[in-house]
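This one's a predicted model, so the numbers in the text were calculated from it and none came from an experiment. Atoms considered below: every heavy atom in the structure, side chains included; atoms not considered: hydrogens, waters and symmetry mates. In what follows, chains are A, B, ... by sequence order, proteins preceding strands, each numbered from 1.
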2 protein chains.
Amino acid sequence: MRFRRIPDETIRRLPVYFRALLFFAEQGSRYISSSSLAELVGLNSWQIRKDFSYFGGFGTRGVGYEIAELLKQIRKILKIRTGQKIALVGVGNLGSAMLAYPGFQIYGFEIVAAFDNNPKKIGKKVKNVKVEDVAKLGSLKRRRIRLAIIAVPCEAAQNVADKLVNAGVRGILNFSPCYITVPSTVKVITIDIAMDLARLPYYVPGSVFAEW
Amino acid sequence: MRFRRIPDETIRRLPVYFRALLFFAEQGSRYISSSSLAELVGLNSWQIRKDFSYFGGFGTRGVGYEIAELLKQIRKILKIRTGQKIALVGVGNLGSAMLAYPGFQIYGFEIVAAFDNNPKKIGKKVKNVKVEDVAKLGSLKRRRIRLAIIAVPCEAAQNVADKLVNAGVRGILNFSPCYITVPSTVKVITIDIAMDLARLPYYVPGSVFAEW
DNA sequence: CTATGTGAATTTATTCACAGCA
DNA sequence: TGCTGTGAATAAATTCACATAG
C-alpha cells in the first residue's frame, strides 16, 4: 500500500461501509469479501477494493477482509469514538424523533442535552433527557458540548445558530429548510429531506408521478 | 448553447438552486446574477454559470438571469409539479414531523395518506391527514399514490417496503437506519441522518470533539 | 483457484481565462 | 463596464485488467 490522500468520495462512503460492517459483525462473520459487501451496499466490488486500498492493504487474498480490522481503520479515519456529546435545540416532533433515533449511537453520538422555548416542555424529560430553557444555551461551553442539532422552525433557526456559535459549538446539523449563516470556523451540514426527494422524479424512468 | 447531457452533479445541485431562487423571488427580485446566487448557496459563480449553461443560455449579459425563467427550466428538468402525492407509513415522532415538514411543499409534494399499526392512532387525524390501518396499504394502487415515505422502526421496514412495492409504489424514501431490498424497478433513497453527522469530525480541523 | 491490490485508461467534474454581448 | 457563456486545461473519480498472494 502506498500513501495517498483519501478521496472525498471515499470518505463519503466510509459511513456506509461502517454500518454494513457492523451488520455483518453482528451476524457473527469474521471475514467479508469485497463482493459480498458490494452486494449489500449496492456498489461494485472493485470500487470497494479501491476505497480500502487508500488506507489499507489488510485484506487476505482468497479470503477477504477481516471485519474487525476494517471497523478499526474506519473508526480511526472518521474519528469515530463513543461518548460524542450532542445538544438538541427544539423538542417538537422532529426533535423528539432525533432523541429516539437509534442511528446516532452507531457512530458514537449521544444527545445529552435538549432545549426548547415552550414553558410546557421545559423541565420535562424526553427519552431520559431533561428539556432545558433555550435561554440557557450558553451553558454548552461549560459542559463542553461542541456539536448541536437544530430542529426548530425556519424563523428561529438563525437566532439559535448565533447562540450556538457563541456557546462554542463547532458543528451544526441543521434540519430547518432554510439558510443559516455562521462564521467559517463552524461547519454546518444542512439536511433538507425534501431535496433528495426532489431528485427522484428525474431518475425514475417515465416518472414516478405519471398520471396513468 | 449546445446540447449536452446534464451531469449528475449538476442535477444534485438543481434542488439547491431551486430553493434559493424561490427565496429571491419572494423578496421580489426579478433578476439574479450568478455571483449573488453563489454567495447564498455557498458555491462559486463559475460553477453556477456552467451548470446553467448545460440547459440554458437564457441569462442577460451585464444583468443576470431572469429568476422566473430559471425556475421554469429547473421545474421542467426535475419534473417538479404540484400535487405529487405521497403516502407516509409510520406516524410516530418522525412520521408526525414529516407531516408537519414545510419543505415538501416547495417541490410540489404532498402527504395525502398516512398509515400506522397502532390501534390508538388509527382513525385519528394528524395535520389534516387521517391515519389508516397499515393493513390497508394495498389501497395505494387504486388511489394512484406511487411514492412513499417509510418512517417505521428498523424491524418493520422490510415488511412495509414489500407491501409498498406490491401496491405499485415506485419510489421510496427510507428513514429507517437499515437496509431494505426492493426490485430494481423501484427506486429507494435511504436517508441516514447519522451518516452525514459521522463525516463531520473528519472535516473539522482538530476535531469538534477534542477534550480541551 | 479465489479474492485482493493497484497502475493505467477512461470517464466525469471542476476550474480557469477570456471572448462576446447588453 | 459588468456579467454571461463556454472551450480548453486541470483535477478527480471510476472502471478496467491483470499481476500477485494465500
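In this structure, CZ of A:Phe58 is placed 15 Å from C1' of C:dA3, rounded to the nearest angstrom. For the pair A:Asp8 CG and D:dT14 P, the interatomic distance rounds to 11 Å; values are reported in whole Å. Summarising the geometry, the separation between CD on B:Gln73 and C1' on D:dG5 is reported as 16 Å, rounded to the nearest angstrom. Spacing between atom CZ of B:Arg5 and atom P of C:dT11 amounts to 12 Å, rounded to whole angstrom units. Atom CD1 of B:Ile6 and atom P of D:dT6 are 13 Å apart (whole Å). If you take CD of A:Glu9 and C1' of D:dA11, they are 13 Å apart, rounded to a whole angstrom. Note: CD1 (B:Ile11) to P (C:dT12) measures 14 Å, nearest angstrom. Between the CD atom of A:Glu66 and the C1' atom of D:dG22 there is a distance of 15 Å, rounded to whole Å.
Within the 4.0 angstrom heavy-atom criterion, only backbone atoms of the sugar-phosphate kind lie near A:Tyr65; the bases stay farther away.
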* **Audit row: B:Lys163, B:Leu140, side chain to side chain contact (heavy atoms under 4.5 Å, CB included) steps and yes/no** => CA-CA 10 Å; B:Lys163 281 181 180 154; B:Leu140 292 179; over 6 Å; no

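For the residue pair B:Asp8/A:Tyr202, the side-chain donor-acceptor check at 3.5 Å is not satisfied. Side-chain contact of B:Asn174 with B:Tyr179: a donor-acceptor pair under 3.5 Å is absent, judged by distance alone.
Remark: B:Phe175 engages no residue in a ring-ring contact (aromatic ring centres under 6.0 Å, His included) (not counting sequence neighbours).
Less than 4.0 Å separates DNA chain C from at least one heavy atom of each of the following residues of residues 20-39 of chain A: A:Ser33, A:Ser34.
A donor-acceptor contact shorter than 3.5 Å links the side chain of B:Tyr107 to the backbone of B:Pro15. Under the 3.5 Å distance criterion, the side-chain polar atoms of B:Tyr65 are left unmatched by any main-chain donor or acceptor of B:Phe52. Although no hydrogens or angles enter the test, the distance criterion places a donor-acceptor pair under 3.5 Å between the side chain of A:Arg19 and the main chain of B:Pro177.
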* Reading nucleotides 15-22 of chain C from the 5' end, what letters show protein touch, with B for base, S for backbone sugar-phosphate only, - for no heavy atom under 4.0 Å? -> BS--BBBS

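Of all heavy-atom pairs spanning B:Leu200 and A:Ile172, the tightest one is CD2-N, 4.5 Å.
Shown here is A:Gln105, whose CD atom has no more than 12 heavy atoms of other residues, nucleotides or ligands within 6.0 Å.
Judged by closest nucleotide on DNA chain D, B:Ser45 is the one of A:Arg13 and B:Ser45 placed further toward the 5' end.
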